[in-house]
Amino acid sequence: ATDAALLRQRYADISLDTMYGGPIPCEMLPSATASSLQRAYVLALIEGAIGDKLTGYDIIVEFGGGSALLAASLFAVDPAFEGLYVIWDLPLMGALQRHVLEQ
């Protein structure tokens, strides 16, 4: 397989959703939701901009992690990631991020 085909598969795999909590599926791709497609898109944009996979880094620091979308994407695409992922955010957001990442 070509590098482009492998990358497409990488992002296609994380565009699928567990459907936990009953989200509304996408009409054209019933196994995905708007959130899961956004997750794949954001990771593809960042990795495309830096020209490398984030999982190749030892430490990732994210400022203002919001709902932990990027972190969830990274661990979904490479569950064996052994680097350190730090989210620096407001304390209240930490509870939401823990909930998202524990799913």
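All heavy atoms count here, side chains included; hydrogens, waters and symmetry mates do not.
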Quiz item: Any chain of hydrophobic side-chain contacts (each under 4.5 Å) joining Ile87 to Ile46?
Solution: yes
Self-check item: Cluster overlap Tyr11 with Ile60, hydrophobic side-chain contacts below 4.5 Å
Solution: yes
Exercise. Would you name the heavy atoms of Glu62 and Gly65 that are closest together and state the gap between them?
Key: OE2-CA, 3.5 Å
Practice problem: Quick one: closest heavy-atom pair of Pro25 and Pro30, and the distance? | Solution: CB-O, 3.3 Å
Practice problem: Group every Ile, Leu, Val, Met, Phe, Trp and Tyr by side-chain heavy-atom contacts under 4.5 Å, then state whether Val100 and Leu43 land in the same group. | Solution: no
Self-check item: Cluster check Phe81, Leu70: I/L/V/M/F/W/Y, side chain < 4.5 angstrom
Solution: yes
Exercise. Please answer: with hydrophobic residues joined when any side-chain heavy atoms are less than 4.5 Å apart, are Trp88 and Leu84 in the same cluster?
Key: yes
Practice problem: Report the residues that fulfil side chain to side chain donor-acceptor pair (under 3.5 Å) with Ser36, sequence neighbours left out, ordered by chain and then residue number. | Solution: Thr33
Self-check item: Close side-chain approach of Tyr57 to Ile50, heavy-atom, < 4.5 Å
Solution: yes
Quiz item: Any side-chain heavy atom of Ser73 within less than 4.5 Å of one from Val42?
Solution: no
Quiz item: Is it true that a side-chain atom of Glu47 and a backbone atom of Leu54 form a donor plus acceptor pair closer than 3.5 Å?
Solution: yes
Quiz item: So which heavy atom on Ala34 is nearest to which on Cys26, and how close?
Solution: N-SG, 3.8 Å
Quiz item: For Asp89, what residues pass the side chain to side chain donor-acceptor pair (under 3.5 Å) criterion, not counting sequence neighbours?
Solution: Gln97
Exercise. May I ask you to check whether over 12 heavy atoms, not counting those of Ile24, lie within 6.0 Å of atom CD1?
Key: no
